[in-house]
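Taking it in order: structure first as structure tokens, then the write-up.
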Amino acid sequence: MVKRHFDYEEKYRNLQGKFEELQELSRSLQFDLTDEFKLLEEKMKDIRVNKYQNLTAWEKILLSRHSERPTVRDYIEFIFDDWIEMHGDRCYGDDRAMIGGIASIKGIPVTVLGHQKGRGTNENLHTNFGMPHPEGYRKVERLILQAEKFNRPVMTLVDTPGAYPGVGAEERGQAGAIARVLMTLSSLKVPIIAVVTGEGGSGGALALAVSDRLLMLSNSVFSVASAEACASIIWKDAGRAEEMASALRLTAQDIKDLGIADEIVEEPTGGAHKDFENTAQNLQDRLDRNLQELLAIERHELLQQRYTRLRHIGRFQEN
Amino acid sequence: MVKRHFDYEEKYRNLQGKFEELQELSRSLQFDLTDEFKLLEEKMKDIRVNKYQNLTAWEKILLSRHSERPTVRDYIEFIFDDWIEMHGDRCYGDDRAMIGGIASIKGIPVTVLGHQKGRGTNENLHTNFGMPHPEGYRKVERLILQAEKFNRPVMTLVDTPGAYPGVGAEERGQAGAIARVLMTLSSLKVPIIAVVTGEGGSGGALALAVSDRLLMLSNSVFSVASAEACASIIWKDAGRAEEMASALRLTAQDIKDLGIADEIVEEPTGGAHKDFENTAQNLQDRLDRNLQELLAIERHELLQQRYTRLRHIGRFQEN
Amino acid sequence: MLKNAFGKQKLIPVPGSREYMESEGRISAQEKCPSCSRRISELELKENHKVCPECQYHYSMTAWERIELIADDQSFQEFNSGLRSINLLDFPGYNEKLTGAISKTGLNEALITGQCTIGGYPAILGTMDSRFMMASMGSVVGEKVCRAIEKAADLKIPLILCAASGGARMQEGMLSLMQMAKTSAALDKFHEQGLLYISLLTNPTTGGVAASFASLADIILAEPGALIGFAGPRVIKQTISEILPEDFQKAEFMLKHGMVDKIVSRPVLKDMVERLLRLHLGGNNG
Amino acid sequence: MLKNAFGKQKLIPVPGSREYMESEGRISAQEKCPSCSRRISELELKENHKVCPECQYHYSMTAWERIELIADDQSFQEFNSGLRSINLLDFPGYNEKLTGAISKTGLNEALITGQCTIGGYPAILGTMDSRFMMASMGSVVGEKVCRAIEKAADLKIPLILCAASGGARMQEGMLSLMQMAKTSAALDKFHEQGLLYISLLTNPTTGGVAASFASLADIILAEPGALIGFAGPRVIKQTISEILPEDFQKAEFMLKHGMVDKIVSRPVLKDMVERLLRLHLGGNNG
Ligand SMILES: [Zn+2]
Ligand SMILES: [Zn+2]
């Protein structure tokens, strides 16, 4: 049976409960075990820290999907000043699973885009669990072209299980809408920084990840398809998702090792939601530094670098 | 009561019938009236020709909407070689009220676009009576941008009561779709020739009429809105449509006098459907000549001329 | 909708009328909100930017009221005010219509254009007045829109046009329809220069204005409840003989369908425009 | 649909098999059409471009059969045939899958690219082979697509890619997903040069191939009945637990929804491509 929920914190809380009971009991029996308890407590904390430094790929997937994990809107509101959300694809609708607008970071105007998951069922029905329809990708295309017009850098925040697989999405051209964003971003004449904040799922995530710099939060993942889907398709056994998670090399560290991600932004022990402010502040600093670096690069050179970077992804042998 | 149907030909056929009965009768009575009949017949023909040279605006409207009038597809198939129709807006649908594709005229590849009315109820349900939805205008935008990419001149054939007024059309942004085509055509970097072949109705027609040369078939009309609608809105009396037709100055000759149309392509007596081949041949010759002229103009100069032409339309006083 | 928008001509004081005296404070007037029926005094309405304090219904605004709302105090310098329509087709009754509209509104045409500052940022501002023949677009409106665009391009400053229009001015026939193409062509040149154009859609924005310059902005804002669309709802009703959706063609409907960036209520409109101008500083924009 | 497309591997003769001997004419085979159940001989099928003469069902074509269909006789010169996939993630079982696919198809990968003439017009042609791991796109397919694009750009001649793919090659993880971005970036450069790219969508074109190079053509053609879409129909069925429309994600459905320019049946495909090439002569295209 595949574990569907990241339950380490629950277990840890149970352990802590037992520990407190033990302390209580020892106090009532007037055993002086202060030093031992101190050691024990430190050891427990160490083990927890160590655990979070050594999560399995599957655990990272579960953590990246954690219901308390900060959403893209949380990050945007913390990191950027003067955020003004823009709506609509001018063609069919406004996709609430994909948000976009303009804002500034340390005084520099930028265009910001991101997948929006909800917190709780109601919000998630509103945002379709962060799974965009074609109108979401067309909104992105519209806003990035506007960013280019106004010479405004683009920052994207990636957090989606994937583009929505549904009848309406197919009717309105999900494939083409994603493809166009990929093509447009590849040659957009302004700097682009992307961050995977949570779940980077498939082509629907990739459409916001074509960039000059790709950052990943340390517990985020980025995968060609969900581990469940891969296990079910390749091994005909969705139950082997955990094993598949490792095979796919989808953790932030894997993606960096593959030469796709540039930087990992460390989350606090327990994950981003355990200390949102700190995480968001870290991310802001990284975004700011990367933006400064990219703005210092001559524009033609920047585009050349972006192309070279994309063009050389992949490994093969040639006879 | 407003006349809704152009019935001159019926009346003329009745007259001819009577004349033939008269001839028959005179033959049976052995009256030799050959010379008189010949004169009479010529006189009748003259009167008919004269009638068609002096149609009222309302009669021209009725004739431009005549159920036997050649459709845009008829003209395309006659005039162009190697017509390949293209479909779809890549976004929502394929509008059968608006057709487009590539073809060649005297060996020169061109992009061809036009409103498609049907003949008869079934065809008209299929083509929505030539009234496009936003997807039709988005197909136009896609194909004209492609024409520009391949440096292919654009030819448009206008024949529509107007863009479709319906819930779906509004939901999908009829206004914006038309506006974008107007803007794109105004600066498209290839020569554009437009022909009004039938009914030029309102903004839905205008979206195909922004051009370097505007031709009009002699019985076609081009109006800010239908005479019926104008009468109903301005005079609160749809019954005065005939009077409104004259007030609006919407005949080919009026539009030329207003400096909007460049040339009038004469139709045969009785209208284009009375001799389609001849009409289409005339039109082909005109399109070919105009294209040659436009291709001889340096491109920057062509765009300058198009802009100047558009920029100066309108009359007012300035104090 | 249309009725709501134009049924309030009482609010526009014609000198000597009861409404005029009310607006001058000589009568303490009570206006009944057309949406929620609350009674509101002229003064209260004025202080609340002509928005019902109860239900947020946005009353129709005149062109000058709109300028007062958006432009910094005393900053607005009108230009091209001398352009006047002529009866170019000898259209029956057009002269009388024009004369009536001019005397009713005190305006020469349905659009006022000028230069101003907004929160200190220079901009070209145009506002339409639906009392003037439903702010239909004839040769003068088209020409003034183009000149405003060109002025903004010359000065390399943002352009803000507040649309309100029933469509093309039929009395000018095809010359009126062609203003759609003319203004769209001018905007293409403007956008080519990388300049900012903000369009505000107010009640009503339909027909030829909706299908040309009003829809061709970088950022499209709309007022709550404004009627926005290509065809008028009456025409659509006739064509499809169905009951239309509740919020059909309202600003909220258009937002849902992806056609506008934001709905901005009047009390925060100026602030929103200021913020947008600030975020577009640098580059080619001043 | 998928079943129809892949259930016909009988048709692809593996040396020594009954099918092989049939195809060599040593056995007179009768194939039952999966669509209309008519019995068709191998020869009849071959002469009819692998289209059922009764119901026009389009059988799956191999990459070489597709080249034979489109390219002028003897004109096709393959390039980059030496590129081979490696198990870059040490993914369990990938080596075996590759070995199996190579021995089954005689191909090194799921895409063949080369230069040819079509009706005398020079072009770069790429064809995919769904027998090779469902023609999923890994590093090699992505690289070969890019090199084909770059070759066409160098020679300033049109590019024709015939897609058939189940999506990304999961065994290559994110390196496979990134091929979507890589091919899209290469196409952007190609389009910048004003060159012609025709995409033919055959059964099936889904996932990462549909959402990248296959959708980014100037002209998109599709074969009758081909499955085309982003998500697979099984995934969609699971997600929405509803019965899908009859022609859902078929080429005809995509045409109706504006996603493809034309559906072209196999017997007239070469003629259509020729005509398109002729109409795009001049300019930047040869
Ligand atoms: Zn109220
Ligand atoms: Zn069959």
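Throughout, a chain's letter reflects where its sequence line sits, starting with A, and its residues are numbered from 1.
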inquiry  = Once rounded to the nearest 0.5 Å, what's the spacing between atom CZ of Phe222(A) and atom CG of Leu250(A)?
reply    = 11.0 Å

task = Before giving the answer on side chain to side chain contact (heavy atoms under 4.5 Å, CB included), spell out for Val154(B) and Leu188(B) the whole-Å C-alpha distance, their side-chain angles and the decisive distance to 0.1 Å.
result = CA-CA 9 Å; Val154(B) 170; Leu188(B) 201 75; 3.8 Å; yes

query = Of all residues at least two apart in sequence or in a different chain, which pass the side-chain contact (heavy atoms from CB on, under 4.5 Å) check with Ala175(B)?
reply =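 Counting only residues at least two positions away or on another chain, Ala175(B) forms a side-chain contact (heavy atoms from CB on, under 4.5 Å) with Ala210(C), Ala211(C), Ser215(C), Phe230(C).
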
key: Non-neighbouring partners of Ala261(A) that pass side-chain contact (heavy atoms from CB on, under 4.5 Å), sequence neighbours left out   = Leu214(A), Met216(A), Ile255(A), Lys256(A)

ring-ring contact (aromatic ring centres under 6.0 Å, His included) pairs, two or more places apart, involving residues 173-207 of chain B =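 Passing the test, one end in residues 173-207 of chain B: no pairs.
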
Hey, can you dump all donor-acceptor pairs under 3.5 Å between chain A and chain B, distances included?
| unit_1 | atom_1 | unit_2 | atom_2 | d |
| --- | --- | --- | --- | --- |
| Arg90(A) | O | Arg138(B) | NH2 | 3.0 |
| Arg138(A) | NH2 | Arg90(B) | O | 3.0 |

message = I need the minimum non-hydrogen distance between Ala209(B) and Ala194(B), along with the two atoms involved.
response = CA-CB, 3.9 Å

